[in-house]
Amino acid sequence: GFDCEGIARDAQGRFYICEERRRAIFRCDPPTGRVEKLPIVWGTAAEYFSPVEPNASFEGIAIGNGKLYVANERNSAVIIEVDLASLKVTKNFVVQPARSSFFGLHYSDLCWFEDQLWVLCRQHRVVLKVDPKSRRVLDEFDYGDIEESLGYRTGLPAGLMEGLAVSKDS
């Protein structure tokens with residue numbers, strides 16, 4: 001079976017789904033019913049793919065300004081930027097929360113909203129607002145208290161959230 005971890009939608013209404021175990025991106029066109037595996041040229045970004053842990057890979061996806069962003073989850077946490085026209089990797093980058101975590105950096109999801117890339121960092125319990133051009137963190141939002149108030153108990157000082165959606169109000 002598939003291990004689909006993230007979903008995004010482009011301006012044409014097509015859906016993109018990242019599949020973790022196969023390190024694949026699928027594009028679905030609802031009006032035609034067509035589903036295709038994108039033949040992305042991963043190039044040097046493949047260096048970040050764990051050869052021994054296939055479940056530590058594509059965890060989140062976002063689409064914006066002609067780019068596809070995919071989060072390589074942990075072990076070698078990196079955000080991979082792909083040009084949608086050429087399907088080639090244009091950049092790999094890392095954004096970090098202000099404080100460190102004993103459990104390391106763990107990207108759990110991505111979102112595109114108002115021309116900004118938003119990054120969910122589960123281990124830190126924060127969401128980062130990132131300028132996609134400079135690849136700099138513009139703002140950081142701590143959701144640790146919200147997660148605690150929901151009653152999640154992990155026994156670890158790490159978060160559980162795996163999905164991210166951003167709107168004007170929340």
Closest contact, heavy atoms only, Ser108 versus Arg122: OG-CB, 2.8 Å
Establish, from distance only, whether the side-chain atoms of Glu81 and Thr90 form a donor-acceptor pair under 3.5 Å. yes
Distance in Å, Leu128 CG paired with Leu138 CG, rounded so as to fall on 0.5 Å steps: 10.0 Å
Distance check, rounded to the nearest 0.5 Å: Leu68 atom CG versus Asp83 atom CG? 10.0 Å
For the hydrophobic clusters of this structure (ILVMFWY residues joined by side-chain heavy atoms under 4.5 Å, transitively), does one cluster hold both Leu38 and Val41? no
With heavy-atom distances below 4.5 Å as the criterion, would you say the side chains of Asp109 and Glu162 are in contact? no
Hydrophobic cluster membership, with links at side-chain heavy-atom distances under 4.5 Å among I/L/V/M/F/W/Y: are Val166 and Met161 in one? yes
Just say parallel, tilted or perpendicular for the rings of Trp42 and Phe58, cut-offs at 30° and 60°. tilted
Please examine the side chains of Ile25 and Ile61, heavy atoms only from C-beta on, and report whether any two atoms are closer than 4.5 Å. yes
Is there a side-chain contact between Cys121 and Leu105, using heavy atoms and a 4.5 Å cut-off? yes
Can a salt bridge be assigned to the pair Asp142 and Arg99 using a cut-off of 4.0 Å between side-chain N and carboxylate O? yes
Nearest 0.5 Å please: distance from the SG atom of Cys18 over to the CZ atom of Arg23. 12.0 Å
Can you see which heavy atom on Trp112 is nearest to which on Ala62, and at what distance? N-CB, 3.9 Å
Go through Asn65 and Asp115 one step at a time and tell me if the side-chain contact (heavy atoms from CB on, under 4.5 Å) criterion holds. CA-CA 7 Å; Asn65 290 343; Asp115 293 325; 3.6 Å; yes
Quick check against the 3.5 Å criterion: does Glu20 have a side-chain atom that pairs as donor or acceptor with the backbone of Ser57? yes
When you group the ILVMFWY residues by side-chain heavy-atom contacts below 4.5 Å and let the links chain together, are Val137 and Val78 in the same group? yes
Hey, does Ile79 have a side-chain heavy atom less than 4.5 Å from the side chain of Asn72? no
Hey, are Lys129 and Glu140 close enough for a salt bridge, meaning a charged N less than 4.0 Å from a carboxylate O? no
Say you draw a straight line from CD1 of Ile146 to CZ of Arg125; how long is it, rounded to the nearest 0.5 Å? 11.5 Å
Taking the side chain as everything from C-beta on, heavy atoms only, tell me whether Ile63 gets closer than 4.5 Å to Tyr69. no
Shortest non-hydrogen contact between Arg22 and Gly1, atoms and distance: NH1-O, 3.3 Å
Between the main-chain N or O of Gly6 and the side-chain N or O of Glu59, is there a donor-acceptor pair closer than 3.5 Å? no
Within the 4.5 Å heavy-atom criterion, are Phe93 and Ile80 side-chain neighbours or not? no
If you apply the rule side-chain contact (heavy atoms from CB on, under 4.5 Å), what do you find for Val127 with Tyr143, and how did you get there? CA-CA 8 Å; Val127 174; Tyr143 66 85; 4.1 Å; yes
Arg14 vs Asp29, side-chain contact (heavy atoms from CB on, under 4.5 Å): CA-CA, chis, key distance, verdict: CA-CA 5 Å; Arg14 298 174 296 187; Asp29 189 4; 3.8 Å; yes
If you look at every heavy atom in Pro30 and Gly13, which pair is closest and at what distance? CD-O, 3.6 Å
Look at the side-chain heavy atoms of Ile, Leu, Val, Met, Phe, Trp and Tyr, link any pair under 4.5 Å apart, and say whether Ile7 and Leu164 land in one connected group. no
Taking the six-membered ring for Trp, is the centroid-to-centroid distance between Phe26 and Phe2 below 6.0 Å? yes
Is any NZ, NE, NH1 or NH2 atom of the basic residue among Arg21 and Glu19 found under 4.0 Å from an Asp or Glu carboxylate oxygen of the other? no
Is there a donor-acceptor pair closer than 3.5 Å between any side-chain N or O of Asp131 and the backbone N or O of Arg135? no
Under 4.5 Å between side-chain heavy atoms, counting indirect links through other Ile/Leu/Val/Met/Phe/Trp/Tyr residues: same cluster for Ile17 and Leu110 or not? no
Gap between atom CD of Gln96 and atom OG of Ser101 - 0.5 Å precision: 10.0 Å
Closest non-hydrogen atom pair, Pro132 against Gln116: CD-OE1, 3.9 Å
Heavy atoms, side chains only, cut-off 4.5 Å: are Trp118 and Val130 in contact? no
With rounding to the nearest 0.5 angstrom, report the OG to OH distance, Ser76 to Tyr48. 7.5 Å
For side-chain contact (heavy atoms from CB on, under 4.5 Å), just list the numbers for Thr44 and Val89, CA-CA rounded to whole Å, side-chain angles, deciding distance to a tenth of an Å, and then say yes or no. CA-CA 8 Å; Thr44 58; Val89 173; 5.9 Å; no
4.5 Å side-chain heavy-atom contact, Tyr107 and Val94: yes
Flag yes if more than 12 heavy atoms outside Lys67 fall under 6.0 Å of its NZ atom; otherwise flag no. yes
Return yes if a side-chain donor-acceptor contact under 3.5 Å exists between Arg27 and Tyr16, otherwise no. yes
Looking only at heavy atoms, the pair that brings Cys111 and Ala165 closest together is SG-CA, 4.1 Å
